[in-house]
Amino acid sequence: MDYDKDTVYVVGDAQTSLNNPITQQYSAFFIGLVVDTTNHKIVDAGCSSTIPLTSQFVRSLFVGQSILAFEPIADEIKRRYHGSSQKAIIVAFKDAQKKYQMALNGRDCDSGASGAG
């Protein structure tokens, strides 16, 4: 899949419990989000999971949502995702959200710097 030039990719991570299969396979939980910076919408998502269905379901929770809407997405995860990684998904999303804000700030600085020359 090709992504528009206005998209950025951010990864959020979180620790999971020691007995979680994801921890045993990956050492942590990761979520990757492709975000359109023109409207802050998540256009694609993936996560570390041991079952492909988990990754597909997690993707469905994020795609089409605004990365800036933490509470509505966290509430949806709590309502619909009942696996052992529920808290890790929320924490990883919060981490990805912070990295997205940093990416936006960096882009703003870059565009301002390039216009000065």
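Note that these values count all heavy atoms, side chains included, but never hydrogens, waters or copies made by symmetry.
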Q | Heavy atoms of other groups near Leu68 CG, more than 12 under 6.0 Å | A | yes
Minimum heavy-atom separation for [X] to [Y], with atom names?
| X | Y | answer |
| --- | --- | --- |
| Lys99 | Asp13 | NZ-OD1, 3.5 Å |
| Cys47 | Phe29 | CB-CZ, 3.7 Å |
| Gly46 | Ser55 | CA-OG, 4.2 Å |
| Leu61 | Arg80 | CD2-NH1, 3.5 Å |

Q: State which residues pass side chain to side chain donor-acceptor pair (under 3.5 Å) with Tyr9; sequence neighbours excluded, sorted by chain then number.
A: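 Not a single residue meets the side chain to side chain donor-acceptor pair (under 3.5 Å) criterion with Tyr9.
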Q | Full working for side-chain contact (heavy atoms from CB on, under 4.5 Å) between Phe93 and Val58 | A | CA-CA 11 Å; Phe93 173 56; Val58 170; over 6 Å; no
Using distance only, find each side-chain donor-acceptor pair of residues 31-40 under 3.5 Å and give its atom names and separation, not counting sequence neighbours.
| from | atom 1 | to | atom 2 | distance (Å) |
| --- | --- | --- | --- | --- |
| Asp36 | OD1 | Thr38 | N | 2.8 |
| Asp36 | OD1 | Thr38 | OG1 | 2.6 |
| Asp36 | OD2 | Thr38 | OG1 | 3.4 |
| Thr37 | OG1 | Asp6 | O | 2.7 |
| Asn39 | OD1 | Lys41 | N | 3.0 |
| His40 | ND1 | Tyr100 | OH | 2.7 |

**Q.** Criterion side-chain contact (heavy atoms from CB on, under 4.5 Å) on Thr7 and Asp44, from CA distance to verdict
**A.** CA-CA 10 Å; Thr7 59; Asp44 207 353; over 6 Å; no
Q.
Among residues at least two apart in sequence or on other chains, which ones pass side chain to side chain contact (heavy atoms under 4.5 Å, CB included) with Lys87?
A. none
Check the hydrophobic clustering (I, L, V, M, F, W, Y; side-chain heavy atoms under 4.5 Å; chains of links allowed) and say if [X] and [Y] are grouped together.
| X | Y | result |
| --- | --- | --- |
| Val11 | Tyr3 | yes |
| Val91 | Phe62 | no |
| Phe70 | Ile73 | yes |

Q: Could you check if a side-chain atom of Tyr81 sits within less than 4.5 angstrom of a side-chain atom of Ile90, using non-hydrogen atoms only?
A: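 Tyr81 vs Ile90: side chains apart.
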Q.
Please report the interatomic distance CD1(Ile67) to CD(Gln101), rounded to the nearest 0.5 Å.
A.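 Ile67 CD1 to Gln101 CD: 8.0 Å, rounded to 0.5 Å.
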